[in-house]
2 protein chains.
Amino acid sequence: MATRERGGAEPLDASGVDHLVGFLLAIATAQTRQVYLQSVGTPFDLRTVEFTLLMLLLKNRGASPKRLAQTLNMPAPNVTVLIDRLVGRGLVERRRSSTDGRALQVLLTADGEALARKAHAESLSMEEPLLRRLSPGERVLLRELLLKLGTAA
Amino acid sequence: MATRERGGAEPLDASGVDHLVGFLLAIATAQTRQVYLQSVGTPFDLRTVEFTLLMLLLKNRGASPKRLAQTLNMPAPNVTVLIDRLVGRGLVERRRSSTDGRALQVLLTADGEALARKAHAESLSMEEPLLRRLSPGERVLLRELLLKLGTAA
DNA sequence: TATTGTTATACTCTATAACTATA
DNA sequence: TATAGTTATAGAGTATAACAATA
């Protein structure tokens, strides 16, 4: 390890936590969060959950809040508020299901679909700077390993 | 893809987001978060930041709030509140630096050190269930790849 | 009775501006 | 004038209980 003098203090000894995958995930997440905000979040005024919801609606027209909540891994009341905000911006709309009077269908408006497509196009390249140092094989492997971790339960 | 019938609805099509490393990180993080809460967070009543702070103090006695803030990647005011809480529980204490009247030293109390060591011991094995499906080589690789991502900026 | 969705609420997390005291 | 730390505050993220409408 090279000694760091520049900028003042050396970094603290993190050996009490850096054995944890959860710690490494947190640090990596900070990076992806930054590029997301820069390329999509700020330009399109979309928080990550809002972006994810639009992407889900793009591929699942008329999905119910219930199923959105399950996929987003988020309690139902929060999905209500989330949809409220997007309805307020004219990006999505709610329709009553014709087959089940309790259920709703959530649909993208024309504006919502246009925004969703633009945001998606941006998202395709935004992580490129982060992956620059990974070979194509490493990128594939990274995805596989993260997927294994995510489906471990 | 196998069709899923059990439990009711099939999962929504996530192909609009699952190309993103950030999305895979979020799902993996949900898993590590769960095992952390179960093994350390709930039993020791420590949120992840509190655990990390104790681990840092274990290896960096008397570190200043300023440097803790840098390492935790957290704004200074939040570190103040964080330390307040741990002081309130009798786990850490603040001392005025002898060489710089502005700076503080944050130290573990005897209770804090005992708790920190017990929590650390638990943390060493808590992720085992998540890594079960990964070979030793894959575990090493996972850490390397996450580290590359985390230091990409 | 069970399910879908909503309202209300609370606690944690993250971030910024304005202030005090030391240097 | 710059730095270390604090106070106050605001917004986003996460979670639960209680309720209305429909099945």
Side-chain angles (χ1 to χ4, degrees), chain A residues 7-9 12 22 26-27 29-34 36-37 41-42 45-53 62-89 92-107, chain B residues 7-9 22 25-27 29-34 36-37 41-42 45-53 62-89 92-107:
Chain A
L12 293 178
I27 291 182
T29 297
Q31 299 293 324
T32 57
R33 177 178 149 76
Q34 196 175 317
Y36 168 78
L37 285 177
T42 302
D45 190 20
L46 290 175
R47 290 173 298 160
T48 54
V49 208
E50 293 172 335
F51 170 75
T52 306
L53 181 60
S64 69
K66 164 111 177 139
R67 298 187 61 197
L68 291 168
Q70 289 167 340
T71 304
L72 293 170
N73 202 25
M74 175 184 279
N78 298 0
V79 174
T80 297
V81 175
L82 176 58
I83 294 173
D84 281 347
R85 289 174 52 104
L86 295 174
V87 168
R89 287 175 64 182
V92 310
E93 58 185 14
R94 283 185 253 237
R95 284 193 203 155
R96 194 52 75 175
S97 165
S98 51
T99 59
D100 185 337
R102 297 167 300 182
L104 295 175
Q105 293 184 320
V106 184
L107 295 150
Chain B
L25 286 174
I27 291 182
T29 297
Q31 299 293 325
T32 57
R33 178 179 149 76
Q34 197 174 316
Y36 168 77
L37 285 177
T42 302
D45 191 20
L46 290 174
R47 292 172 298 160
T48 53
V49 207
E50 294 171 334
F51 170 75
T52 306
L53 182 60
S64 67
K66 164 109 178 142
R67 297 188 61 196
L68 292 167
Q70 290 167 340
T71 303
L72 293 170
N73 202 24
M74 176 184 278
N78 298 0
V79 174
T80 296
V81 175
L82 176 58
I83 295 173
D84 281 346
R85 290 174 53 104
L86 295 175
V87 168
R89 287 174 63 182
V92 310
E93 58 185 12
R94 284 186 251 236
R95 285 194 202 155
R96 194 51 75 174
S97 165
S98 52
T99 58
D100 186 337
R102 297 167 301 182
L104 295 176
Q105 293 184 320
V106 183
L107 295 150

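Throughout, protein chains are lettered first and strands after them, A, B, ... in sequence-line order, and every chain is numbered starting at 1.
- With rounding to whole Å, B:Q70 atom CD is found 13 Å from D:dG5 atom C1'.
- Interface residues of residues 71-81 of chain B facing DNA chain C, ordered by number: B:P75, B:P77, B:N78; criterion, heavy-atom separation under 4.0 Å.
- How far OG1 of A:T42 is from OH of A:Y36: 8.5 Å, rounded to the nearest 0.5 Å.
- Listed by residue number, the members of residues 93-101 of chain B with any heavy atom below 4.0 angstrom from DNA chain C are B:D100, B:G101.
- Distance, A:L46 CG to D:dG13 P: 12 Å, rounded to whole Å.
- Considering all non-hydrogen atoms of both residues, B:R85 and B:E50 come closest at NE-OE2, 3.2 Å.
- Using modelled atom types, no side-chain atom of B:T71 and backbone atom of B:L68 make a donor-acceptor pair closer than 3.5 Å.
- Rounded to the nearest 0.5 Å, atoms OG1 (B:T52) and CG (B:L46) are 9.5 Å apart.
- A:S64 places no side-chain N or O within 3.5 Å of a backbone atom of A:L104 that could act as its donor or acceptor partner.
- For the pair B:R67 CZ and D:dA4 C1', the computed distance is 14 Å after rounding to whole Å.
- Under a 3.5 Å cut-off, the side chain of B:S97 and the backbone N or O of B:Q105 do not form any donor-acceptor pair.
- Checking side-chain atoms of A:R33 against main-chain N and O of A:T48 turns up no donor-acceptor pair under 3.5 Å.
- Read 5' to 3', the first and last nucleotides of DNA chain C with an atom closer than 4.0 Å to a heavy atom of chain A are C:dT3 to C:dA15.
- Mapping A:R85 and A:R102 onto DNA chain D by nearest heavy atom places A:R85 closer to the 5' end of the strand.
- Atom CG of A:L53 is separated from atom CZ of A:R47 by 10.5 Å, given to the nearest 0.5 angstrom.
- Between B:L82 atom CG and D:dT6 atom P the separation is 11 Å, expressed in whole Å.
- Of all heavy-atom pairs between B:V87 and B:E93, the closest is CG2-CA, 4.4 Å.
- The interatomic distance linking B:R47 (CZ) with D:dG13 (P) rounds to 18 Å, in whole Å.
- No donor-acceptor distance shorter than 3.5 angstrom exists from the side chain of A:R95 to the backbone of A:V106, with no hydrogens or angles considered.
- The CG atom of B:L86 sits 5.5 Å away from atom CG of B:L82, with the distance rounded to the nearest 0.5 Å.
- Across the protein-nucleic acid pair, A:D45 atom CG and D:dG11 atom P stand 14 Å apart, rounded to whole Å.
- Comparing A:R33 and B:Q105, the nucleotide of DNA chain D nearest to each residue sits closer to the 5' end for B:Q105.
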